[in-house]
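Have a look at the structure below before the remarks.
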Amino acid sequence: MADIARKRKKGWGRSTWLYVREHPWLYLMLIPSFIYLLIFCYGPMYGIVMAFQDFNLVKGIGGSEWIGLQNFQDLFSSRQFTRVFRNSVVFSLLRIAWGFPAPILLALMLNEVRSMKFKKTVQTIVYIPHFVSWVVVAGMIKNILGPDETSMFNKLMSYFGKGPYNPLIDPSAFRSIVVAAEIWKEAGWGTIIYLSALTRIDEDLYEAAHIDGANRWQCIWYITLPGISGTIAVMLILRLGSILNNGFEQIFLLYSTYVYSVADVFETYTYRIGLMDARYSYSTAVGLFQSVVGCIMVFGANAISRKISDSSLF
(Lines give C-alpha, C1' and ligand atoms only; values in the text may rest on other atoms or scores of the structure.)
Protein backbone atom coordinates (compact mmCIF):
# COMPACT_ATOMS: atom_id res chain seq x y z
CA MET A 1 0.00 0.00 0.00
CA ALA A 2 2.82 2.37 0.85
CA ASP A 3 4.49 1.67 -2.54
CA ILE A 4 1.22 2.37 -4.36
CA ALA A 5 0.78 5.61 -2.45
CA ARG A 6 4.34 6.70 -3.31
CA LYS A 7 3.81 5.88 -6.99
CA ARG A 8 0.57 7.83 -7.06
CA LYS A 9 2.24 10.76 -5.38
CA LYS A 10 5.10 10.71 -7.89
CA GLY A 11 2.64 10.41 -10.78
CA TRP A 12 0.61 13.31 -9.45
CA GLY A 13 3.72 15.49 -9.17
CA ARG A 14 4.86 14.56 -12.68
CA SER A 15 1.45 15.27 -14.24
CA THR A 16 1.18 18.57 -12.39
CA TRP A 17 4.57 19.71 -13.67
CA LEU A 18 3.61 18.74 -17.23
CA TYR A 19 0.41 20.77 -16.91
CA VAL A 20 2.43 23.77 -15.70
CA ARG A 21 4.76 23.47 -18.68
CA GLU A 22 1.82 23.23 -21.09
CA HIS A 23 -0.02 26.22 -19.60
CA PRO A 24 2.68 28.62 -18.35
CA TRP A 25 0.62 31.77 -18.91
CA LEU A 26 -2.07 30.60 -16.52
CA TYR A 27 0.49 30.42 -13.72
CA LEU A 28 2.18 33.67 -14.71
CA MET A 29 -1.18 35.36 -14.25
CA LEU A 30 -1.17 34.18 -10.63
CA ILE A 31 2.09 35.96 -9.82
CA PRO A 32 0.49 39.40 -9.08
CA SER A 33 -1.96 37.73 -6.69
CA PHE A 34 0.86 35.93 -4.88
CA ILE A 35 2.84 39.17 -4.62
CA TYR A 36 -0.22 40.92 -3.19
CA LEU A 37 -0.70 38.17 -0.59
CA LEU A 38 2.96 38.23 0.40
CA ILE A 39 3.11 42.01 0.83
CA PHE A 40 -0.27 42.77 2.37
CA CYS A 41 -1.31 39.50 4.07
CA TYR A 42 1.73 37.46 5.08
CA GLY A 43 4.25 40.27 5.52
CA PRO A 44 2.28 42.12 8.23
CA MET A 45 1.91 38.87 10.19
CA TYR A 46 5.32 39.68 11.68
CA GLY A 47 3.44 42.19 13.83
CA ILE A 48 1.92 39.28 15.81
CA VAL A 49 5.01 39.39 18.03
CA MET A 50 3.62 42.63 19.51
CA ALA A 51 1.16 40.47 21.47
CA PHE A 52 4.11 39.18 23.51
CA GLN A 53 5.75 42.58 24.04
CA ASP A 54 5.20 45.80 25.90
CA PHE A 55 5.25 47.58 22.57
CA ASN A 56 6.79 51.04 22.49
CA LEU A 57 5.97 53.15 19.45
CA VAL A 58 9.35 54.89 19.56
CA LYS A 59 11.49 51.77 20.05
CA GLY A 60 9.52 49.68 17.57
CA ILE A 61 9.13 45.91 17.53
CA GLY A 62 12.87 45.24 17.67
CA GLY A 63 13.50 47.40 20.73
CA SER A 64 10.36 46.75 22.77
CA GLU A 65 10.46 44.71 25.95
CA TRP A 66 9.30 41.09 25.83
CA ILE A 67 6.69 40.25 28.48
CA GLY A 68 5.55 36.80 27.35
CA LEU A 69 1.89 35.98 27.95
CA GLN A 70 1.17 38.96 30.19
CA ASN A 71 -1.16 40.58 27.65
CA PHE A 72 -3.22 37.41 27.40
CA GLN A 73 -3.41 37.16 31.18
CA ASP A 74 -4.65 40.73 31.31
CA LEU A 75 -7.20 39.95 28.61
CA PHE A 76 -8.67 36.87 30.27
CA SER A 77 -8.76 38.54 33.69
CA SER A 78 -10.42 41.70 32.37
CA ARG A 79 -13.97 42.36 33.51
CA GLN A 80 -14.90 43.36 29.96
CA PHE A 81 -13.63 40.15 28.36
CA THR A 82 -16.68 38.07 29.38
CA ARG A 83 -19.08 40.67 28.02
CA VAL A 84 -17.19 41.13 24.75
CA PHE A 85 -16.76 37.37 24.23
CA ARG A 86 -20.44 36.70 24.95
CA ASN A 87 -21.63 39.46 22.62
CA SER A 88 -19.35 38.30 19.80
CA VAL A 89 -20.56 34.70 20.04
CA VAL A 90 -24.24 35.70 20.30
CA PHE A 91 -23.97 37.99 17.28
CA SER A 92 -22.31 35.23 15.25
CA LEU A 93 -24.88 32.63 16.26
CA LEU A 94 -27.70 34.98 15.28
CA ARG A 95 -26.04 35.59 11.93
CA ILE A 96 -25.63 31.86 11.36
CA ALA A 97 -29.19 31.04 12.46
CA TRP A 98 -30.86 33.75 10.36
CA GLY A 99 -28.31 35.01 7.86
CA PHE A 100 -26.73 31.75 6.70
CA PRO A 101 -29.97 30.11 5.41
CA ALA A 102 -31.16 33.35 3.75
CA PRO A 103 -29.08 33.13 0.52
CA ILE A 104 -29.82 29.39 0.28
CA LEU A 105 -33.58 29.98 0.44
CA LEU A 106 -33.30 32.89 -1.98
CA ALA A 107 -31.31 30.77 -4.43
CA LEU A 108 -33.84 27.93 -4.19
CA MET A 109 -36.71 30.33 -4.91
CA LEU A 110 -34.92 31.93 -7.86
CA ASN A 111 -34.06 28.49 -9.20
CA GLU A 112 -37.78 27.67 -9.41
CA VAL A 113 -38.52 30.77 -11.49
CA ARG A 114 -38.99 29.87 -15.14
CA SER A 115 -38.95 33.39 -16.60
CA MET A 116 -35.27 34.20 -17.14
CA LYS A 117 -35.99 37.92 -17.51
CA PHE A 118 -37.79 38.08 -14.18
CA LYS A 119 -35.14 35.89 -12.55
CA LYS A 120 -32.26 38.10 -13.68
CA THR A 121 -34.13 41.25 -12.65
CA VAL A 122 -34.80 39.97 -9.14
CA GLN A 123 -31.23 38.67 -8.82
CA THR A 124 -29.84 42.07 -9.79
CA ILE A 125 -32.10 43.90 -7.34
CA VAL A 126 -31.26 41.67 -4.37
CA TYR A 127 -27.47 41.80 -4.77
CA ILE A 128 -27.20 45.56 -5.41
CA PRO A 129 -27.19 46.29 -1.63
CA HIS A 130 -23.86 44.45 -1.37
CA PHE A 131 -22.20 47.38 -3.14
CA VAL A 132 -23.71 49.96 -0.79
CA SER A 133 -21.31 51.18 1.90
CA TRP A 134 -22.13 50.44 5.52
CA VAL A 135 -21.90 54.18 6.12
CA VAL A 136 -24.83 54.70 3.74
CA VAL A 137 -26.75 51.74 5.19
CA ALA A 138 -26.25 53.03 8.74
CA GLY A 139 -27.50 56.45 7.66
CA MET A 140 -30.60 54.87 6.12
CA ILE A 141 -31.28 52.88 9.29
CA LYS A 142 -30.92 55.96 11.48
CA ASN A 143 -33.29 57.91 9.23
CA ILE A 144 -35.86 55.11 9.33
CA LEU A 145 -35.56 54.19 13.01
CA GLY A 146 -34.30 57.49 14.44
CA PRO A 147 -35.72 59.12 17.58
CA ASP A 148 -37.25 62.05 15.71
CA GLU A 149 -41.01 62.11 15.32
CA THR A 150 -40.49 62.66 11.58
CA SER A 151 -38.77 59.28 11.13
CA MET A 152 -40.73 56.63 9.25
CA PHE A 153 -40.85 54.29 12.23
CA ASN A 154 -42.16 56.90 14.66
CA LYS A 155 -44.72 58.11 12.13
CA LEU A 156 -45.99 54.55 11.98
CA MET A 157 -45.95 54.32 15.77
CA SER A 158 -48.02 57.53 16.04
CA TYR A 159 -50.87 55.87 14.11
CA PHE A 160 -51.15 53.37 16.96
CA GLY A 161 -50.97 56.10 19.60
CA LYS A 162 -47.43 55.25 20.68
CA GLY A 163 -44.85 57.85 21.63
CA PRO A 164 -41.45 58.37 20.00
CA TYR A 165 -39.24 55.33 20.36
CA ASN A 166 -35.61 54.78 19.33
CA PRO A 167 -34.86 51.05 18.94
CA LEU A 168 -31.17 51.80 18.32
CA ILE A 169 -30.71 52.57 22.02
CA ASP A 170 -32.83 49.61 23.15
CA PRO A 171 -30.59 46.66 24.11
CA SER A 172 -33.40 44.19 23.39
CA ALA A 173 -33.78 45.42 19.79
CA PHE A 174 -30.26 46.40 18.73
CA ARG A 175 -28.98 42.94 17.79
CA SER A 176 -32.05 42.20 15.67
CA ILE A 177 -31.59 45.46 13.77
CA VAL A 178 -27.93 44.76 12.97
CA VAL A 179 -28.57 41.16 11.90
CA ALA A 180 -31.57 42.16 9.76
CA ALA A 181 -29.55 44.91 8.09
CA GLU A 182 -26.73 42.49 7.27
CA ILE A 183 -29.15 39.94 5.82
CA TRP A 184 -30.67 42.63 3.60
CA LYS A 185 -27.23 43.78 2.48
CA GLU A 186 -25.43 40.47 1.91
CA ALA A 187 -28.04 37.76 1.24
CA GLY A 188 -28.33 38.62 -2.44
CA TRP A 189 -24.59 38.46 -2.98
CA GLY A 190 -24.34 35.09 -1.25
CA THR A 191 -27.10 33.81 -3.51
CA ILE A 192 -24.72 33.94 -6.48
CA ILE A 193 -22.59 31.16 -4.98
CA TYR A 194 -25.55 28.82 -4.52
CA LEU A 195 -27.06 29.63 -7.92
CA SER A 196 -23.72 28.69 -9.44
CA ALA A 197 -23.78 25.40 -7.53
CA LEU A 198 -27.33 24.73 -8.72
CA THR A 199 -26.26 24.92 -12.36
CA ARG A 200 -24.06 21.84 -11.83
CA ILE A 201 -27.03 19.61 -10.96
CA ASP A 202 -27.94 17.27 -13.81
CA GLU A 203 -31.36 18.18 -15.28
CA ASP A 204 -31.95 14.49 -16.08
CA LEU A 205 -32.41 13.88 -12.35
CA TYR A 206 -35.39 16.24 -12.27
CA GLU A 207 -36.91 14.66 -15.37
CA ALA A 208 -36.56 11.18 -13.88
CA ALA A 209 -38.10 12.41 -10.61
CA HIS A 210 -41.08 13.94 -12.43
CA ILE A 211 -41.63 10.69 -14.34
CA ASP A 212 -41.68 8.83 -11.01
CA GLY A 213 -44.37 11.25 -9.73
CA ALA A 214 -42.25 13.53 -7.50
CA ASN A 215 -43.66 16.98 -6.88
CA ARG A 216 -41.69 20.22 -6.69
CA TRP A 217 -41.04 20.05 -2.94
CA GLN A 218 -39.78 16.48 -3.20
CA CYS A 219 -37.42 17.47 -6.01
CA ILE A 220 -36.03 20.28 -3.87
CA TRP A 221 -35.60 18.03 -0.83
CA TYR A 222 -34.17 14.94 -2.54
CA ILE A 223 -32.29 16.44 -5.51
CA THR A 224 -31.59 20.16 -5.16
CA LEU A 225 -30.46 20.30 -1.53
CA PRO A 226 -28.25 17.18 -1.75
CA GLY A 227 -26.82 18.60 -4.98
CA ILE A 228 -25.56 21.75 -3.25
CA SER A 229 -24.78 20.14 0.11
CA GLY A 230 -21.04 20.31 -0.58
CA THR A 231 -21.19 24.05 -1.19
CA ILE A 232 -23.33 24.54 1.92
CA ALA A 233 -20.82 22.57 4.01
CA VAL A 234 -17.85 24.59 2.76
CA MET A 235 -19.63 27.91 3.34
CA LEU A 236 -20.66 26.84 6.83
CA ILE A 237 -17.09 25.83 7.70
CA LEU A 238 -15.83 29.23 6.55
CA ARG A 239 -18.58 30.97 8.52
CA LEU A 240 -17.71 29.07 11.69
CA GLY A 241 -14.10 30.13 11.22
CA SER A 242 -15.15 33.75 11.74
CA ILE A 243 -17.38 33.10 14.72
CA LEU A 244 -15.64 35.83 16.75
CA ASN A 245 -15.48 38.25 13.82
CA ASN A 246 -18.63 40.31 13.43
CA GLY A 247 -17.37 43.19 11.36
CA PHE A 248 -16.52 46.65 12.61
CA GLU A 249 -18.41 49.17 10.49
CA GLN A 250 -22.01 48.02 10.94
CA ILE A 251 -21.79 47.85 14.72
CA PHE A 252 -19.55 50.86 15.23
CA LEU A 253 -21.79 53.10 13.10
CA LEU A 254 -24.98 52.07 14.91
CA TYR A 255 -24.07 51.41 18.52
CA SER A 256 -23.84 53.82 21.45
CA THR A 257 -23.11 53.72 25.17
CA TYR A 258 -26.75 52.75 25.75
CA VAL A 259 -26.24 49.35 24.11
CA TYR A 260 -22.66 48.53 25.12
CA SER A 261 -23.97 45.64 27.20
CA VAL A 262 -25.17 43.80 24.06
CA ALA A 263 -23.28 45.50 21.20
CA ASP A 264 -19.67 45.68 22.33
CA VAL A 265 -17.79 43.01 20.34
CA PHE A 266 -14.09 42.27 19.81
CA GLU A 267 -13.81 44.66 16.84
CA THR A 268 -15.18 47.69 18.70
CA TYR A 269 -13.33 46.70 21.86
CA THR A 270 -10.03 46.47 19.96
CA TYR A 271 -10.68 49.86 18.37
CA ARG A 272 -11.18 51.55 21.75
CA ILE A 273 -8.28 49.79 23.45
CA GLY A 274 -5.81 49.85 20.57
CA LEU A 275 -6.38 53.20 18.86
CA MET A 276 -8.05 55.36 21.48
CA ASP A 277 -6.09 54.10 24.51
CA ALA A 278 -2.92 53.34 22.49
CA ARG A 279 -2.54 49.86 24.06
CA TYR A 280 -1.12 48.32 20.91
CA SER A 281 0.26 45.14 22.43
CA TYR A 282 -2.96 44.38 24.27
CA SER A 283 -5.10 44.93 21.17
CA THR A 284 -2.76 42.68 19.17
CA ALA A 285 -3.28 39.96 21.77
CA VAL A 286 -7.03 40.35 21.35
CA GLY A 287 -6.72 39.98 17.57
CA LEU A 288 -4.45 36.94 17.91
CA PHE A 289 -6.95 35.32 20.28
CA GLN A 290 -9.70 35.82 17.68
CA SER A 291 -7.52 34.29 14.95
CA VAL A 292 -6.59 31.24 17.03
CA VAL A 293 -10.23 30.56 17.93
CA GLY A 294 -11.21 30.95 14.27
CA CYS A 295 -8.48 28.55 13.17
CA ILE A 296 -9.60 25.95 15.72
CA MET A 297 -13.21 26.29 14.58
CA VAL A 298 -12.26 25.85 10.91
CA PHE A 299 -10.21 22.69 11.55
CA GLY A 300 -12.83 21.30 13.95
CA ALA A 301 -15.77 21.95 11.63
CA ASN A 302 -13.83 20.57 8.67
CA ALA A 303 -12.99 17.36 10.55
CA ILE A 304 -16.62 16.89 11.61
CA SER A 305 -17.89 17.55 8.09
CA ARG A 306 -15.38 15.06 6.63
CA LYS A 307 -16.53 12.36 9.05
CA ILE A 308 -20.28 12.75 8.65
CA SER A 309 -20.29 13.53 4.91
CA ASP A 310 -18.11 13.51 1.82
CA SER A 311 -17.78 17.31 1.83
CA SER A 312 -14.93 19.22 3.46
CA LEU A 313 -12.81 22.27 2.85
CA PHE A 314 -9.51 20.34 2.80
Side-chain angles (χ1 to χ4, degrees), residues 5 8 12 89-131 175-176 178-247 293-314:
R8 286 180 177 177
W12 178 85
V89 173
V90 170
F91 259 116
S92 287
L93 292 178
L94 288 174
R95 284 190 170 98
I96 293 173
W98 297 101
F100 185 78
I104 301 174
L105 295 174
L106 192 56
L108 292 176
M109 289 189 290
L110 288 174
N111 189 56
E112 296 299 316
V113 176
R114 293 296 172 256
S115 173
M116 291 302 297
K117 184 177 180 180
F118 179 78
K119 181 178 180 179
K120 290 181 179 179
T121 302
V122 173
Q123 186 177 347
T124 301
I125 292 173
V126 296
Y127 77 62
I128 281 177
H130 170 79
F131 300 98
R175 286 172 177 163
S176 300
V178 174
V179 173
E182 182 163 347
I183 293 173
W184 171 80
K185 188 176 184 300
E186 301 295 344
W189 183 257
T191 302
I192 298 175
I193 299 173
Y194 296 105
L195 285 174
S196 176
L198 287 169
T199 59
R200 297 197 298 268
I201 300 177
D202 191 353
E203 291 293 332
D204 293 340
L205 296 175
Y206 291 104
E207 294 180 6
H210 288 309
I211 293 173
D212 291 337
N215 57 36
R216 181 170 293 181
W217 293 107
Q218 289 173 328
C219 288
I220 292 175
W221 185 257
Y222 293 106
I223 298 176
T224 306
L225 286 177
I228 62 173
S229 60
T231 303
I232 294 174
V234 171
M235 297 302 294
L236 182 59
I237 291 170
L238 294 175
R239 184 63 188 87
L240 290 174
S242 59
I243 195 167
L244 293 184
N245 298 308
N246 290 281
V293 172
C295 185
I296 293 173
M297 291 297 296
V298 166
F299 279 95
N302 188 77
I304 294 172
S305 178
R306 190 168 57 243
K307 284 186 178 181
I308 65 177
S309 68
D310 295 330
S311 302
S312 60
L313 188 60
F314 49 86

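Bear in mind that the values here come from a model prediction, so they are computed numbers and not experimental data. The first residue in the sequence is number 1, and the count goes up from there.
The heavy-atom pair separating Ala107 from Leu195 by the smallest distance is O-CD2, 3.6 Å. Contact record, Gly241 with Val298: CA-CG2, 3.3 Å, taken as the closest heavy-atom pair. Annotation for Lys185 and Pro129: closest pair CG-O, 3.3 Å, computed over non-hydrogen atoms. Residues Ile183 and Ala102 approach most closely at CG2-CB, 3.9 Å, considering heavy atoms. Considering every non-hydrogen atom in both Asn245 and Ser92, the closest pair reads O-OG, 4.4 Å.
Leu240 is linked by a side chain to side chain contact (heavy atoms under 4.5 Å, CB included) to Ile96, Leu236, Met297, Ala301, counting only residues two or more places apart in sequence or in another chain. In terms of the ring pair (Phe, Tyr, Trp, His ring centres under 6.0 Å) criterion, residue partners of Phe299 (sequence neighbours excluded) are, by chain and number, Phe314.
Looking only at distances, no side-chain donor or acceptor of Asp212 sits under 3.5 Å from a matching main-chain atom of Ala214. In this structure, the side chain of Ser229 engages the main chain of Pro226 through a donor-acceptor pair within 3.5 Å. Judged by distance alone, with hydrogens and angles left aside, the side-chain atoms of Arg95 form no donor-acceptor pair with the main-chain N or O of Trp98 at under 3.5 Å. At least one donor-acceptor pair closer than 3.5 Å links the side chain of Thr199 to the backbone N or O of Ser196.
Heavy-atom contacts from other residues, nucleotides or ligands closer than 6.0 Å to CH2 of Trp184 number more than 12.
Ring geometry for Tyr194 versus Phe100: interplanar angle over 60°, hence perpendicular rather than tilted (30 to 60°).
A distance of 4.0 Å separates CD1 in Ile232 from CD1 in Ile104, rounded to the nearest 0.5 Å. Taken to the nearest 0.5 Å, the CD1 atom of Ile128 stands 12.0 Å off from the NE2 atom of His130. In this structure, CD1 on Ile193 lies 8.5 Å from OG1 on Thr231, to the nearest 0.5 angstrom.
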Working note: Leu106 + Val122, criterion side chain to side chain contact (heavy atoms under 4.5 Å, CB included); need CA distance, chi angles, decisive distance, verdict. CA-CA 10 Å; Leu106 192 56; Val122 173; 5.5 Å; no

Derivation of the side chain to side chain contact (heavy atoms under 4.5 Å, CB included) call for Tyr127 and Thr191: CA-CA 8 Å; Tyr127 77 62; Thr191 302; over 6 Å; no

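By the 4.5 Å heavy-atom criterion applied to side chains, Glu186 and Pro103 are not counted as neighbours.
Counting only residues at least two apart or in different chains, side-chain hydrogen bond (donor to acceptor under 3.5 Å, both in side chains) contacts with residues 103-125 comprise Glu112-Arg216.
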